[in-house]
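Okay, structure first, notes after.
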Amino acid sequence: MVTDRAVAGPRRPLPLPFVDDELRTRLAAVHARIDRAAEQAGRLPTDVALLLATKTQDAPTIRAAVAAHRALDVPRRLLLGENRVQEMVAKGPALADLGLAYHLIGPLQANKVNAALRWADAVDAVESAELAHRLGERRAGRAPLDVMVQVNVSGEASKHGVAPRGAASLAAAVAAEPGLRLVGFQTIGARSDDPLVVCAGFAALRAVRDDVLASGAPGTAAAVELSMGMTGDLEHAVAEGATIVRVGTAVFGART
Ligand SMILES: *Cc1c(COP(=O)(O)O)cnc(C)c1O
């Protein structure tokens, strides 16, 4: 006998919230993009980590994305990144048990250093020696904090970061802080539709890193990371050597 589902009793909850399915589909697509770009560049797909850029997303959504990533069982290192210290403070407690490194990928104001040190496993947008010194000083006596130097490869005035010609000396200043460990470099790609322009910017970051590594300056041996590439340009970044791509929109949808 055919029963009318509407009157057969209370509806069973869906096995997964709709958003999980959607997150899983989007994440799978991002992983496929990274894999393809790595293969085309002759690189190992596992050499590129995925940092979820979680600005404006709430903790349950971030947890759902992490669960979706784990369900996909892709052999790719996953990191979390926030732009603002306030968002780290607000969401950090609800994310701590995930066991993922929490990166501060946005600019850090001097008056937020203590809060950043409380929540960040890495600070990826250091753009001045003063900030590096303050971070190092406050970190003293604990395991060194992982730090990246942010470089403005495009020269666009709206972008944070040290100019490429100043990057090596800032990197040396970070490396000289006993409380800090220089682990690499971050940039935000040129805002351009011309792939040559975008790639040139990413190649410039790679050149900065290679020069710093080759300098043999004290404390620079671990500066291997290139955090570059976002939703719109991650293929170019992977082609130019990105070890971390930072993706928000392609995973979570457009920010409203
Ligand atoms: C928002 C943001 C991203 C991710 O950008 P999408 O285009 O949404 O992928 C990456 N890096 C930084 C520093 C960001 O602020």
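Counting starts at 1 for both ligands and their atoms, in listed order.
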Go through ligand 1 atom by atom and flag the ones less than 4.0 Å from a non-hydrogen atom of K55.
1 (C), 2 (C), 3 (C), 14 (C), 15 (O)
As a check for students: among L104, T249, V247, identify the option with a heavy atom nearest to atom 8 (O) of ligand 1.
T249
For ligand 1, which atoms sit closer than 4.0 Å to a heavy atom of N83?
13 (C), 14 (C), 15 (O)
Name the closest protein heavy atom to atom 9 (O) of ligand 1, giving the residue it belongs to and the distance to 0.1 Å.
T231 OG1, 2.5 Å
Report yes or no: does R63 contribute a side-chain atom to a donor-acceptor pair with the main-chain N or O of A94 at less than 3.5 Å?
yes
Within the structure, does Q186 bring an N/O atom to less than 3.5 angstrom of an N/O atom in ligand 1?
no
If the cut-off is 4.0 Å to any non-hydrogen atom of R246, which atoms of ligand 1 fall inside it?
4 (C), 9 (O), 10 (C), 11 (N), 12 (C), 13 (C)
Measure the distance from atom 12 (C) of ligand 1 to every protein heavy atom, then report the residue, atom name and distance (to 0.1 Å) of the closest one.
I105 CD1, 3.6 Å
Short side-chain to backbone donor-acceptor contact, D233 and H236, under 3.5 Å
no
For D193, look at atom CG and say whether over 12 heavy atoms of other residues, nucleotides or ligands are found less than 6.0 Å away.
no
What atoms of ligand 1 come closer than 4.0 angstrom to any heavy atom of A53?
3 (C), 4 (C)
Check this for me, if you would: do E82 and K112 make a salt bridge, where the nitrogen-to-carboxylate-oxygen distance has to be below 4.0 angstrom?
no
Taking CZ in R84 as the centre, count heavy atoms belonging to other residues, nucleotides or ligands within less than 6.0 Å. Is the count above 12?
no
Can R26 and E22 be counted as an ion pair, charged N to O under 4.0 angstrom?
yes
Taking K55 for its side chain and R255 for its backbone only, find out whether a donor-acceptor pair lies under 3.5 Å.
no
Can you pull out the closest protein heavy atom to atom 10 (C) of ligand 1? Residue, atom name and distance to 0.1 Å, please.
M230 SD, 3.1 Å
Considering the heavy atoms of R255, write down every atom of ligand 1 situated less than 4.0 Å from one of them.
1 (C), 8 (O)
